Amino acid sequence: CAKEPTASSSKMAVQRAPNEDLYAILAIDMEQKAHYDDAVVMFNVLYEKTEQKEYLYRSLRSSVKGKKASFALSRIDEELKKSPNDIALLRIRVDALLQLGDAAEAKKSALRLVDLTGIENDYLLVSEACGRLREYDMALKYLEGAYVKKYDEKILDKMAVVEYVNLGK
């Protein structure tokens, strides 16, 4: 007689922690109130208990928002060794690198994102990194790419700034 799979034995089942919902609500509340250090601790506990990547991402984003980008970056790089094409980790990595002033490395990660996803937000990340490197022609090229993907006035505004303020056209 074969044993019927249960939620706890299934690999697809989401691991739940006792009081997970309560802790998640508290962590999100701390994050919204800009208590980033406390939010990081709560999200880390949730991630350790459940292994749900969303908690890891929230922890890392809170670290970056809390001006602890170097801490977040070391953890991101560690996690990327296990999952090198993790889109969310790469995006958080770009934000952390930009906060730390390493636009060249942020550009590399953002270009990788564009290769992996091809979506306008990742084109915008490349453009931002290029702008910080004063590579305005390339910044404009990626803004144009983002605009082709999604017609948005905010992208046009950024294009105008780069074109007229930075390139003097």
Side-chain angles (χ1 to χ4, degrees), residues 24-25 27-44 46-47 52-169:
I25 290 168
I28 291 167
D29 184 56
M30 289 176 203
E31 188 179 54
Q32 289 177 343
K33 291 179 178 174
H35 298 276
Y36 297 117
D37 291 342
D38 295 329
V40 167
V41 170
M42 294 295 286
F43 285 126
N44 282 337
L46 285 163
Y47 178 61
Q52 291 183 46
K53 288 277 193 156
E54 184 56 34
Y55 294 132
L56 172 65
Y57 303 147
R58 295 294 290 255
S59 168
L60 294 168
R61 282 188 203 105
S62 289
S63 290
V64 173
K65 288 178 188 173
K67 307 297 181 203
K68 301 229 165 111
S70 57
F71 169 78
L73 189 58
S74 64
R75 181 125 187 242
I76 291 165
D77 289 343
E78 191 178 299
E79 292 293 328
L80 281 171
K81 288 176 187 171
K82 297 179 234 173
S83 304
N85 293 328
D86 187 314
I87 305 301
L89 284 175
L90 287 167
R91 286 187 184 125
I92 300 166
R93 185 176 198 276
V94 172
D95 289 340
L97 288 164
L98 289 173
Q99 187 181 104
L100 292 170
D102 191 349
E105 193 62 32
K107 178 182 164 186
K108 288 179 193 175
S109 290
L111 286 168
R112 188 159 160 225
L113 278 167
V114 167
D115 288 341
L116 290 170
T117 69
I119 65 170
E120 82 281 348
N121 285 336
D122 295 331
Y123 278 75
L124 294 173
L125 289 174
V126 175
S127 175
E128 183 173 346
C130 290
R132 292 190 187 190
L133 292 168
R134 300 185 190 278
E135 296 173 355
Y136 300 119
D137 287 325
M138 187 175 242
L140 184 60
K141 173 186 161 195
Y142 278 91
L143 283 170
E144 289 168 349
Y147 188 70
V148 167
K149 300 274 183 194
K150 180 181 179 186
Y151 299 108
D152 184 336
E153 285 185 30
K154 291 178 184 177
I155 297 172
L156 274 178
D157 290 344
K158 289 179 182 186
M159 289 169 62
V161 168
V162 170
E163 200 163 356
Y164 295 107
V165 175
N166 301 119
L167 292 175
K169 292 184 179 182

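These numbers come from a predicted model, not from an experiment. Atom set for the values below is all heavy atoms of this structure, side chains included, hydrogens, waters and symmetry mates excluded.
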Exercise. State, to 0.1 Å, how close Ser63 and Val40 come at their nearest heavy-atom pair, and which atoms those are.
Key: OG-CG2, 3.4 Å
Practice problem: List the atom of Arg91, the atom of Thr117, and the distance in Å for their closest heavy-atom pair. | Solution: NH2-CG2, 3.8 Å
Quiz prompt | Phe43: ring-ring contact (aromatic ring centres under 6.0 Å, His included) partners, not counting sequence neighbours | solution = none
Quiz item: Side chains of Met138 and Tyr136: closer than 4.5 Å at any heavy-atom pair?
Solution: no
Quiz item: If you round to the nearest 0.5 Å, how far is CD of Glu79 from CG of Leu90?
Solution: 12.0 Å
Quiz item: Taking it one step at a time, do Ile28 and Ile25 satisfy side-chain contact (heavy atoms from CB on, under 4.5 Å)?
Solution: CA-CA 5 Å; Ile28 291 167; Ile25 290 168; 5.8 Å; no
Quiz item: Quick one: salt bridge (Lys or Arg N to Asp or Glu O under 4.0 Å) partners of Glu144, sequence neighbours excluded?
Solution: none
Quiz item: Roughly how far, to the nearest 0.5 Å, is the OH atom of Tyr142 from the CD atom of Glu120?
Solution: 15.0 Å
Quiz item: Which residues satisfy the salt bridge (Lys or Arg N to Asp or Glu O under 4.0 Å) test with Lys81, sequence neighbours excluded?
Solution: none
Quiz prompt | Name of the residue among Lys68, Lys65, Arg75 meeting side-chain contact (heavy atoms from CB on, under 4.5 Å) with Leu60 | solution = Arg75
Practice problem: Mark yes or no for whether Ser127, through its side chain, and Tyr123, through its backbone, hold a donor-acceptor pair below 3.5 Å. | Solution: no
Exercise. Look only at the side chain of Gln99 and the backbone of Val64, and say whether a donor-acceptor pair between them is shorter than 3.5 Å.
Key: yes
Practice problem: Return the set of residues passing salt bridge (Lys or Arg N to Asp or Glu O under 4.0 Å) with Lys67 (not counting sequence neighbours), or none when no residue passes. | Solution: none
Quiz item: For Tyr55, which residues count as a ring-ring contact (aromatic ring centres under 6.0 Å, His included) partner, sequence neighbours excluded?
Solution: none
Exercise. Of all the heavy-atom pairs spanning Gln52 and Tyr47, show the shortest one and how long it is.
Key: O-CD1, 3.1 Å
Quiz item: Residues in side-chain hydrogen bond (donor to acceptor under 3.5 Å, both in side chains) with Ser59, at least two apart?
Solution: Asn44
Exercise. Heavy atoms only: give me the nearest Tyr36-Ser62 pair and the separation to one decimal.
Key: CB-O, 3.4 Å
Self-check item: Pairs touching residues 63-93 that satisfy ring-ring contact (aromatic ring centres under 6.0 Å, His included), sequence neighbours left out
Solution: none
Self-check item: Distance, nearest 0.5 Å, that separates CD1 of Ile87 from CD1 of Ile92
Solution: 11.5 Å
List the atom pairs, donor and acceptor, that lie under 3.5 Å between side-chain atoms in residues 102-111 and the rest of the protein, sequence neighbours left out.
| residue | atom | partner | partner atom | Å |
| --- | --- | --- | --- | --- |
| Asp102 | OD1 | Glu105 | N | 3.2 |
| Lys107 | NZ | Glu135 | OE1 | 2.7 |
| Ser109 | OG | Arg93 | NH1 | 2.6 |

Quiz prompt | NZ-CG distance between Lys82 and Leu80, expressed to the nearest 0.5 angstrom | solution = 10.5 Å
Exercise. Check Gly131 against Ala139 and note the closest heavy-atom contact, atom names and distance.
Key: N-CB, 3.9 Å
Quiz item: Is any side-chain heavy atom of Asp95 less than 4.5 Å from a side-chain heavy atom of Leu125?
Solution: yes
Quiz item: Sequence neighbours excluded, which residues qualify as side-chain hydrogen bond (donor to acceptor under 3.5 Å, both in side chains) partners of Asn121?
Solution: none
Let me have the donor-acceptor pairs involving side chains of residues 146-155, under 3.5 Å, with sequence neighbours excluded, atom names and distances please.
| residue | atom | partner | partner atom | Å |
| --- | --- | --- | --- | --- |
| Lys149 | NZ | Gly118 | O | 3.3 |
| Asp152 | OD1 | Lys154 | N | 2.8 |

Quiz item: Under the side chain to side chain contact (heavy atoms under 4.5 Å, CB included) test, which residues partner Ser83, sequence neighbours left out?
Solution: Lys53, Asp86
Quiz item: For Arg112, what residues pass the salt bridge (Lys or Arg N to Asp or Glu O under 4.0 Å) criterion, not counting sequence neighbours?
Solution: none
